[in-house]
Each structure stands twice: as structure tokens, then as C-alpha cells.
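Please read the structure below before turning to the comments.
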Amino acid sequence: MRIREFFLKPYSKLVWILLMMLAWELVAKFAPVSALAFPSLQQIFKALFDSIKNGELVYQMLFSLTLILEGLFIGVVLAFIMSFLSVVSKVFESFTDTCVSIFHPLPGIALLPLIILWIGTGTSAILFVIVHSVLWPMILNMNAGFKSIPDVYRKIGDNYEFSRFQSMIRIFIPAALTYLLAGLKISWARGWRAVISAEMIFGASGSIGGIGWYIFNRRVFMDTAGVYAGILVIIAVGILVEDFIFGKIEKNTIKKWGLS
Amino acid sequence: MKPLIRIKNIWKSYGDKQILKEINLDIMPGQLICIVGASGCGKTTLLNLVGGFLKADQGQIDLQGQKINKPSSQCIMVFQEFDQLFAWKTVRKNVEFPLKKIRKNCSPKELRECVSHYLKLVKLSDYENYYPAQLSGGMKQRTALARALALTPKVLLMDEPFGSLDAQTKNELQESLLEIREKTQTTILFVTHDIREAMVLADRIVVLKSGRIMEIIDNQSKDRSLENKITSLLSP
């Protein structure tokens, strides 16, 4: 019972991570595995600290994060425009539904040859892949959120003489926030994956390249510990965004309002 | 005295189904009119027409001589649903929200005082910082009432607002509504399927059956014997 309670605490994730690291270290030290494929934690952390110290990893991570934030912003704005038009026009809703059916299942990576043809291999190409990854799940969630709004809210908006746009901003968006946050979390995760994949394929975009390019480069030089260091940073950013940023937003909004 | 609302020969159908037939009704300022009838008789449709949420197939509804053709803050609706409050706003912010839009010239101090006044009127002064999820059903309906009253509408439209409440809370809210009406002299059009509720609240009771007004009964005397009359009018 005590063990169960222990693992139900908020810090249980940290305990699991420590246990996984312990298992990793035991395998690296005692199992008959190649040190090149399975470097010890000491080697991985050394590679990590070296890269942080010389600034390489930090700059490349910041480069990737800037790209994904740009992509997320563009994707969310486009999704909002398309969802808003879908709310006001049934004809546009049918167009949006068709676009989502076509493009949502299409992986950004499958579009890469075309993207290279259209806009080359620079930062814009990576941005295109991120926007593609963000836009469709965001529209799906926004539309589902707006459809879930009780009809009484629409009537109240009309009753208080709000225009459709005012109703959208002041009533529909907060009312659909549970769905919008879920959409944002999915979009963030997809965008994050897309940016790393695209960086690996396109190579160094911009002056330094991103975290994907960092990992790719380590692999080329057979620096496996460096590859793992890059992966560790990606995991750390993922946990930070999920637990701290989205967690905090949820705690101060939908959880506080009793919506989840 | 001229009627505040004049409903003239209203007909309304949904597809092939005729919902309202030849509805004529004058509502005087300050009156509390209850519309009673069984489920599906067209009570809510009539309320939605007065609120401007629906368009009639035939006929016209006038508010102070002006045709109603869209919803406005002059006829505010209070709904039966508890989720009519905005979950992301506290009780105070819920009441303040439409005021900010409709009374743009009010200073923040005036707005604050106005909200406090109406929260006191519905006996919710101690709960102004609560979110709707933290309130009981009765408190939610009181908040909705305060939000509607704060706009000082010409007509308050109430669609079975106490329909989902337990008997005791319902009685308390009926008493509160009568007190508020006494203080504010707001004209109220109240829809209910509960004959007793109509008898407690109304100055006049409109008996609606199969989309037609069967009778308009004067209830100033609150004579209990009228209950049997309304029941027999509504029986098949």
C-alpha cells in the first residue's frame, strides 16, 4: 500500500526516470553489449556537459525551439482562421473537413521531396513541415471544441448583442479551452517530432542547424554518447513543456474552473 | 396604458408540424405572465419568438411598438440549463460580463457597485468569488437571474428556470423572484409546466395547449380553485 501511494505522488515520474537510469547503467556496465552502441551514463553526461559548455547544444536547441514556436504560432493562427470561418459558414466547414480528411493522415516526411522541389532545403522548408504537422490536429480539436459548446452560449452571445467574432473571442474560445489545450499539446508533440526529423534530413539550416542536425552529426562521427546526449535534451524539453508549461496552464484554467 | 409587448396572430411550424397557432397576447409593463402547458405544446418556441431567437411564419411581435426581429439586450433570457453561466468566470465576473458590453459608458466603480447591488438582491454577496462549478443548482440560477437583471431589460424571459431544482430550492427561488419583481418592477414572461408554480408567481396565466391559447386567466387573487380549472383545460 505504501509503495502504491509512493508511486501515485507527483514526483513519481522522477523516481521512474531514476530507476530507468539505474537499469541502463547496469546493462552498460555488466551486460555483454558494445560500448559504442550502449555507452555508460557517465560517457553520455560527459558528452552532454561538453556540448553545453561549448555552447553548441544550447544554440542548436534554441534554434529548434525558435523554429517550432514560429511554426506553432503560424499553425495555430491558420487553424483559428479556418475554424472561425467553419463556424460562420457551413460551406467553408465542408471545405475544412475535406482538407483535414486529405492532409491530416499525410505525414510531413512524405511531403519532403515535394517541399524540396517547391522551396528548397532551408529554414522555410522546415517551417513548412512544422506548420503541416500543427495545423490539421489543431483544426480538428478547435472544430470539435466549438461544436461541443452548449447552444445556450450562442443564444447568450446573441442576447448580449455580441457580433459573431466577439462571441468567438469572448465566449467560444474560453468555452472550448479544454479542446484547444488538447489540440495544442498534440500539435506541439507533432511539431517537435517534425522539426527534428526535418533537420536530420535537410541538414544544417540557418547558420548552425538545430538539435536534429546535432544528433545527425554525432552519428556521422560515431559519437554515440553525443547522440544520446541530444536525445536526452529532447526528452527533457518534452517533459518540461508537458509538465510545467501545459501543466501550469491547465492548473490555472480548466482545472481551476472545474472543467476537467 | 399601452402594452409593452404585443403578440399579434403568431403562427410557427417546424417542417410539417404546426407548433403555434394564432397566438395573440398583450403584456402590460410590470406584469408577470406565466405560460403553462404540457411538454411540446410550444411554450419555449413562443418565448424564443419573443426573444427574437426565432422568426415567426406569420404574425408579428412588437416591443413598445417596434417589431422584434433579432435578439437584443432589451429582452434577456434566463434558461433552464445550469451551464448557462460561464464556467471560466466567477459569480461577480459572470454578472459583470454583459454589463461591460452593454453599458460602455459606466466607470469601473459604477460597474462594481451595480454588480454588488444585484448580487445582494439575489442573496449571493458572499459567493461573488466562487466559480460556477463550486455552486449549487439554485445558486447558479440565482447568478443567472442577477446577470439578466443587471442589464435592466425591458422584459425578462424565463424558460423553466427552476425546472431542474428540488422542491425546497424552487420555493425559495420563487419567493426571491417575487421579491425582486416587487423591487424592480421588471416585466417577466415565465414559462413553466408546473401549474402550482404559475399560480404562485403569475399575475396572469396563459394556458397553452397544442400550440393554441386555451384561456388567459387573471391570477391577481391567487385563488387556489383556479388550479382545477387549469388542470381541466390542459387535460386531454
Side-chain angles (χ1 to χ4, degrees), chain A residues 76 80 83-84 87-90 138 141-185 245-260, chain B residues 44 47-48 50-55 68-91 93-104 129-135 140-141 143-144 147-148 150-151 153-161 164:
Chain A
V76 170
F80 176 76
S83 296
F84 173 69
V87 168
V88 290
S89 158
K90 287 276 169 203
M138 202 62 216
N141 277 272
M142 272 191 181
N143 283 351
F146 294 145
K147 278 178 187 163
S148 76
I149 292 170
D151 195 41
V152 78
Y153 280 177
R154 291 174 214 279
K155 279 189 171 175
I156 289 171
D158 291 342
N159 216 176
Y160 297 160
E161 301 174 18
F162 282 119
S163 67
R164 201 43 97 210
F165 185 72
Q166 284 173 322
S167 285
M168 185 82 168
I169 300 290
R170 305 193 63 181
I171 302 176
F172 296 175
I173 288 183
L177 198 66
T178 313
Y179 287 85
L180 302 189
L181 280 177
L184 213 53
K185 280 163 97 170
I245 298 179
F246 284 117
K248 276 266 186 295
I249 294 173
E250 282 177 346
K251 193 181 160 198
N252 289 312
T253 54
I254 53 176
K255 282 187 181 157
K256 185 168 134 190
W257 305 334
L259 291 179
S260 75
Chain B
T44 301
L47 208 64
N48 279 317
V50 176
F53 298 106
L54 290 174
K55 297 229 181 299
I68 296 173
N69 42 29
K70 61 174 185 174
S72 79
S73 57
Q74 295 192 337
C75 297
I76 292 290
M77 182 95 103
V78 177
F79 302 88
Q80 183 179 5
E81 294 92 333
F82 291 154
D83 63 7
Q84 67 188 294
L85 295 181
F86 300 128
W88 58 96
K89 289 184 184 289
T90 59
V91 167
K93 294 280 179 194
N94 257 288
V95 179
E96 197 182 77
F97 177 70
L99 275 174
K100 278 185 174 170
K101 165 79 170 73
I102 305 293
R103 293 195 193 164
K104 286 179 183 137
N129 293 320
Y130 281 52
Y131 283 94
Q134 299 169 297
L135 302 176
K140 285 179 187 171
Q141 296 308 76
T143 311
R147 186 171 69 179
L151 292 170
K154 292 206 167 79
V155 187
L156 195 59
L157 306 170
M158 304 186 82
D159 187 8
E160 302 202 41
S164 308

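None of the values given here were measured: they were computed from a predicted structure. Note on naming: letters A, B, ... go to the chains in the order of the sequence lines (proteins, then strands), and numbering restarts at 1 for each one.
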Quiz item: Looking at CG of A:N159 and CG of B:L151, how far apart are the two atoms once the value is rounded to the nearest 0.5 Å?
Solution: 8.5 Å
Exercise. Mark yes when over 12 heavy atoms from residues, nucleotides or ligands other than B:Y130 sit less than 6.0 Å from its OH; otherwise mark no.
Key: no
Quiz prompt | Closest non-hydrogen atom pair, A:E161 against B:K101 | solution = O-NZ, 3.1 Å
Practice problem: Sort out for me which of B:G52, B:P132, B:A87 touches chain A most, counting heavy-atom pairs under 4.5 Å. | Solution: B:A87
Quiz item: Say you draw a straight line from CZ of A:F162 to CD1 of B:I102; how long is it, rounded to the nearest 0.5 Å?
Solution: 7.0 Å
Exercise. Examine whether an atom of B:F79 lies under 4.5 Å from a heavy atom of chain A, and if so say whether it belongs to the side chain, the backbone or both; otherwise answer neither.
Key: side chain
Quiz item: Is it the side chain or the backbone of A:I171 that comes within 4.5 Å of chain B heavy atoms, both, or neither?
Solution: both
Self-check item: Nearest atoms (heavy-atom pairs only) where B:W88 meets A:R170
Solution: CZ2-O, 3.7 Å
Solution key, residues 249-259 of chain A side-chain donor-acceptor pairs under 3.5 Å, sequence neighbours excluded:
residue: A:E250; atom: OE2; partner: A:K185; partner atom: NZ; Å: 3.0
residue: A:N252; atom: ND2; partner: A:K248; partner atom: O; Å: 3.0
residue: A:T253; atom: OG1; partner: A:I249; partner atom: O; Å: 2.6

Quiz item: Does a sphere of radius 6.0 Å around NZ in B:K93 hold more than 12 heavy atoms from other residues, nucleotides or ligands, not counting ones at 6.0 Å or beyond?
Solution: no
Practice problem: Select one option (side chain, backbone, both, neither) describing which atoms of B:E81 are under 4.5 Å from chain A's heavy atoms. | Solution: side chain
Show me, pair by pair, the donor-acceptor contacts under 3.5 angstrom made by side chains of residues 144-158 of chain A, not counting sequence neighbours?
residue: A:K147; atom: NZ; partner: A:E93; partner atom: OE2; Å: 3.2
residue: A:S148; atom: OG; partner: A:G145; partner atom: O; Å: 2.7
residue: A:Y153; atom: OH; partner: B:D83; partner atom: O; Å: 3.4
residue: A:Y153; atom: OH; partner: B:L85; partner atom: O; Å: 2.8
residue: A:R154; atom: NH2; partner: A:F146; partner atom: O; Å: 3.1
residue: A:K155; atom: NZ; partner: B:N48; partner atom: OD1; Å: 3.0

